[in-house]
Amino acid sequence: MIMSEHKDFLRTIVEEDLKSGKYQEVHTRFPPEPNGFPHIGHAKSIAINFGIARDYHGRCNLRMDDTNPTTEDTRYVEALKDAVQWLGFEWDNSVRYTSDYFPKLYDYAVELIKMGKAYVDSLTEEEIREYRGTVTEPGRRSKYAERSVEENLDLFERMKKGEFKDGEHVLRAKIDMSAANMKMRDPLLYRIRHAHHYRAGDEWHVYPMYDFAHCLSDYIEGITHSICTLEFENNRDIYDWVLDELNLTPPRPYQHEFARLSINYTVMSKRLLLELVNKGRVSGWDDPRLPTIAGYRRRGYTPESILNFCDSIGVAKANSTVDVAQLEFAIRNDLNTKVPRVMCVLDPLKVTIENYEGAEELDGPYYPDDVPKEGSRKIPFSKEIYIERDDFTENPPKGYYRLTPEQPVRLRHAYIITCKEVIRDADGKITEIKAEYHPGSKSGLDTSGIKVKSAIQWVDAATAKRVEVRLYDRLFKDEAPEGLEDINPDSLKVIKDALIEPAVIADKPDERFQFERQGYFYADPVDYTDEVPVFNKIVGLKDSWSKKTKASEKAPRSERKPQVKKVQVEGEVTPMSESEQARFDRYTGERKLNSEVANTLARDEKLSAFYEEALAVLESPVTLANIVANEVARELKEKQADALKFTAKQIAELVKMIDDETISSKIAKQVFEEMAQTGENPAEIVEAKGLVQISDPALILPIIDEVIANNPDNVAKFKAGNTKLLGFFVGQVLKTTGGKANPQVVNELVAEKLK
RNA sequence: UGGGGUAUCGCCAAGCGGUAAGGCCUCGGUUUCUGGUGCCGAUAUUCGGGGGUUCGAAUCCCUCUACCCCAUCCA
């Protein structure tokens, strides 16, 4: 079980709900609409939903949210099922379909109508839009909302029977046409659709909307945690409304939202993906450049790598874009310990070894020493071989480790060679290298004493196999692509005549390989044949050499970061009303409050009333103001004044204890929390919990000594100049005294001790 | 513009009043018959800005700013 030390906020919620007994068992669901191919964003959702179920010994359903007959299709449900299975998860029971619940959903709708909470509206689509109002203006209710229950029942039934045309009527919830949340302005529950449903056939003429179907489907399946993406935050109110109004037998599910995944240099939107496929800019839904599950799969990504990636990016509520480098790390990291290393030459340059005659077979282990796997193959070797064109140059840049006229190089698993002559064609292009090998330098038996800077891959000319290699680059040239115009024209490069060592083709030791010094490759599951083997590049190896050379080609990137201090535009502050201004003046004047606290109090009717009430009891304007403006304000943000558990008088009592130093301000916060919860008197709380502060140095000193003795490292750090560690020591002392030590005294004493 | 969200390193992301976790990227060094891997090390005096409360603030309060979502008979 991958249970990282810090769990995400969803797992925190689940744990609390399990602990509190809200649910006996966690039950999640992955509920895609089968209207497109799943992409890596779905993988994140799958990893979250199935992962939580797995981690907390619960269950997870796979449900096709198929309420829109015009967009959905069986081929997508197959792709969805496939994706979940490929990622290694098993759904609870069989696949669920919202369409299976259509009868139940219909009954729930009837119930709502009978309760007078839903009505058939006969406005046109345009009218409905118009009546909805705007974000700043309230909407207005349709006159059809006045229809009787009987009429609504009759109409809805006839809608179901197919008596009306598309768009003639809709069923709406009767909520609030002036709700600030636009989604709550009498949301549509059902619409008429004379369409063939890929699964329900032609039986239905009304189809439920997402907002009605989803919450109830969750409820029907016994889902506990309904996890969806951020854009549904506004829909949560309807989710709760429907389930609450229907008086369902508890327990019921609750919705929680997380940020959807985005990755740079690619797109995740269904619309763009579809456009890419339909316009033939990619070869299909499984094009290896696509961020679809099918695409990654065909490219050669492993399910483990995708899952590890999902795990590494975390779950939060901030919209963010993950660097594709993080995904690439996940696949490299996975494949590094799994796949055999072989040699393949993508851009062959012929090398003739003039002093070598005959042929031999060399042993080559498939895995390097740091990979704990066994296996090896025979590598044929003879006079004529091919090396990578990049691995030879006559004008080596500084730091070049490969073959040059002056610099010998090792042929991996074979011999060291030295360049003797460079052959060119009429255009000056190098066509061949004449070389000599060092007989005593055979791999593993090297007695030559020659030091080389690197070992390069090669293939034997006589036995190498010709293969097709497809190199993929990012599909978009723009980091945050907006459309097809941002496409990278060079995202696919096909090499028809790469050469590979024969064992790869003949023995097929695996389907994924590391082509040494180049990257990870995957035998294409579709186009690979024995006649024309095809390999997809999954990802390149990290390449610090090309990075170095490219960096030096570019301008000497001198500029550190500009480190401009962020300038923030100050917005306009709403001016105070006359009465607020009067209060403000009074507070800063006779009460001697600082302007910030005075401002907070003066601008808030509830706060200032509370403050003045407390002030009538205790003449301690400043401390009182601080508590009210900071602590009480927090409580009053959510609640009405009369919903508070504590009174102004009690706050005054609390402040009195602070003023006479019975308790520290730290303890006062603790006491306040307690008061807000229980409404108990502060004195009683202090009494009951023994919170009176300890200011006597004789009592504090021994504790300080103990803390100092227990943290020699930090004492050293502090003495070395890390003064913020003072807070650490104070914190430790406070912790051992249960917060009761007088922090000011502790501060002084600790500072003294550590001097 | 009303409502709902979100801001912590180049990119993700912990953190819930007491020493700013971790991963990716980057940069050094080291090992290496892969310029891979591994190993070792560096990289936020500061948490969107400004104030306030506190002995002590990324965490509490006030305020400003930026970005995302909502006015489909889509989900």
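Residue numbering restarts at 1 for every chain, and letters A, B, ... go by the order of the sequence lines.
- Distance, A:Asp211 CG to B:C73 C1': 12 Å, rounded to whole Å.
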What does the 5'-to-3' dot-bracket notation of RNA chain B look like when only Watson-Crick and G-U wobble pairs under 3.5 Å count, and pairs to other strands show as |? .(((((((.[[[..)..(...]]].(((((.......))))).....[[[[[..)....]]]]])))))).....

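- Rounded to a whole angstrom, the distance from the C1' atom of B:G29 to that of B:G35 is 15 Å.
- Rounded to whole Å, atom C1' of B:U37 lies 19 Å from atom CZ of A:Phe515.
- In this structure, A:Ser454 reaches the sugar-phosphate backbone alone: every heavy-atom distance under 4.0 Å involves primed, P, OP1 or OP2 atoms, never a base.
- For A:Ser664, there are no side chain to side chain donor-acceptor pair (under 3.5 Å) partners at least two apart in sequence or on another chain.
- At B:A75, one or more side-chain N or O atoms of A:Arg191 fall inside 4.0 Å of OP1 or OP2 (strictly under the cut-off).
- Side-chain atoms of A:Gln326 come within donor-acceptor range of the base of B:G23, with a qualifying N/O pair under 3.5 Å.
- The shortest distance between the side-chain N/O atoms of A:Ser544 and the OP1/OP2 oxygens of B:G36 is below 4.0 Å.
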Polar pairs (N or O, both sides) under 3.5 Å between protein and nucleotides 56-58 of chain B?
residue	atom	partner	partner atom	Å
B:A57	N6	A:Lys669	NZ	3.1

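- A ring-centre distance under 6.0 Å is not found for A:Tyr239 and A:Phe232.
- For A:Lys547, counting side-chain heavy atoms from C-beta on, the closest listed nucleotide (B:U34, B:C27, B:U37) is B:C27.
- Residue-level contact check: A:Arg341 touches the bases, meaning some heavy atom is under 4.0 Å from a base atom.
- Close to B:C12, at under 4.0 Å from its OP1 or OP2, lies no side-chain N or O of A:Ser312.
- In this model, the phosphate group of B:C55 is approached by a side-chain N or O of A:Gln744 to a distance below 4.0 Å at OP1 or OP2.
- Side-chain to base pairing of A:Asp237 with B:G4: no donor and acceptor N or O lie closer than 3.5 Å to each other.
- Of the P atoms belonging to B:C64 and B:U45, the separation is 29 Å, rounded to the nearest Å.
- Using a 4.0 Å heavy-atom criterion, one finds that A:Phe9 contacts no nucleic acid atom at all.
- No N or O donor and acceptor, one from the side chain of A:Lys542 and one from the base of B:U26, sit under 3.5 Å apart.
- Across all strands, A:Val745 comes closer than 4.0 Å to no nucleic acid atom at all (heavy-atom distances).
- Residue contacts for A:His214: at a heavy-atom cut-off of 4.0 Å it reaches no nucleic acid atom on any strand shown.
- Residue side chain A:Tyr401 meets the stacking definition with respect to B:G35: its ring centre sits within less than 5.5 angstrom of the base's six-membered ring centre, and the planes differ by less than 30 degrees.
- No engagement by A:Thr71 is indicated, since no non-hydrogen atom pair under 4.0 Å with the nucleic acid exists.
- Classification of the A:Phe381-A:Trp458 ring pair by plane angle, with boundaries at 30° and 60°, yields perpendicular.
- Contacts of A:Val730 with the nucleic acid, taken as non-hydrogen atoms under 4.0 Å apart, include base atoms.
- For the P atom pair drawn from B:U37 and B:U26, the interatomic distance equals 10 Å after rounding to whole Å.
- Among the atoms of the strands shown, only primed sugar atoms or phosphate atoms (P, OP1, OP2) are found under 4.0 Å from some heavy atom of A:Ile313.
- Between A:Tyr190 and A:Val135, the residue whose closest nucleotide on RNA chain B is further toward the 5' end is A:Val135.
- If you check every strand for non-hydrogen atoms under 4.0 Å, A:Gly399 touches a base.
- Taking the P atom of each, B:G4 and B:A14 are spaced 24 Å apart, rounded to whole Å.
- Summarising the geometry of A:Pro31 relative to A:Asp65, their closest heavy-atom pair is O-CB, 3.7 Å, with the distance given to 0.1 Å.
- Across A:Leu601 and A:Ala625, no two heavy atoms sit closer than the pair CD1-CB, 3.8 Å.
- Residues A:Asn714 and A:Glu596 both approach RNA chain B. Their nearest nucleotides, taken by heavy-atom distance, put A:Asn714 toward the 5′ side.
- Nucleic acid contact class of A:Lys453 (heavy atoms, under 4.0 Å, all strands): none.
- Each of B:G36, B:C68, B:C60 was ranked by its minimum atom distance to the side chain of A:Asn319; first place goes to B:C68.
- In this structure, NZ of A:Lys451 is placed 13 Å from C1' of B:U32, rounded to the nearest angstrom.
- No side-chain donor from either of A:Ser695 and A:Glu661 sits under 3.5 Å from a side-chain acceptor of the other.
- Nearest nucleotide to the A:Arg193 side chain, out of B:C12, B:C24, B:C74: B:C74.
- When heavy atoms are screened at a 4.0 angstrom cut-off, A:Leu607 is found touching no nucleic acid atom at all.
- An OP1 or OP2 oxygen of B:G35 is reached within less than 4.0 angstrom by no side-chain nitrogen or oxygen of A:Arg402.
- Looking at heavy-atom distances under 4.0 Å, A:Arg129 makes contact with sugar-phosphate atoms alone, never a base.
- Counting any heavy atom pair closer than 4.0 Å across all strands shown, A:Arg410 reaches a base atom.
- Nucleic acid contact class of A:Asn234 (heavy atoms, under 4.0 Å, all strands): base.
- Atom CD1 of A:Ile263 is separated from atom P of B:A13 by 13 Å (rounded to the nearest Å).
- The side chain of A:Lys548 sits closest to B:G35 out of B:G35, B:U72, B:A75.
- Of the P atoms belonging to B:G22 and B:G15, the separation is 14 Å, rounded to the nearest Å.
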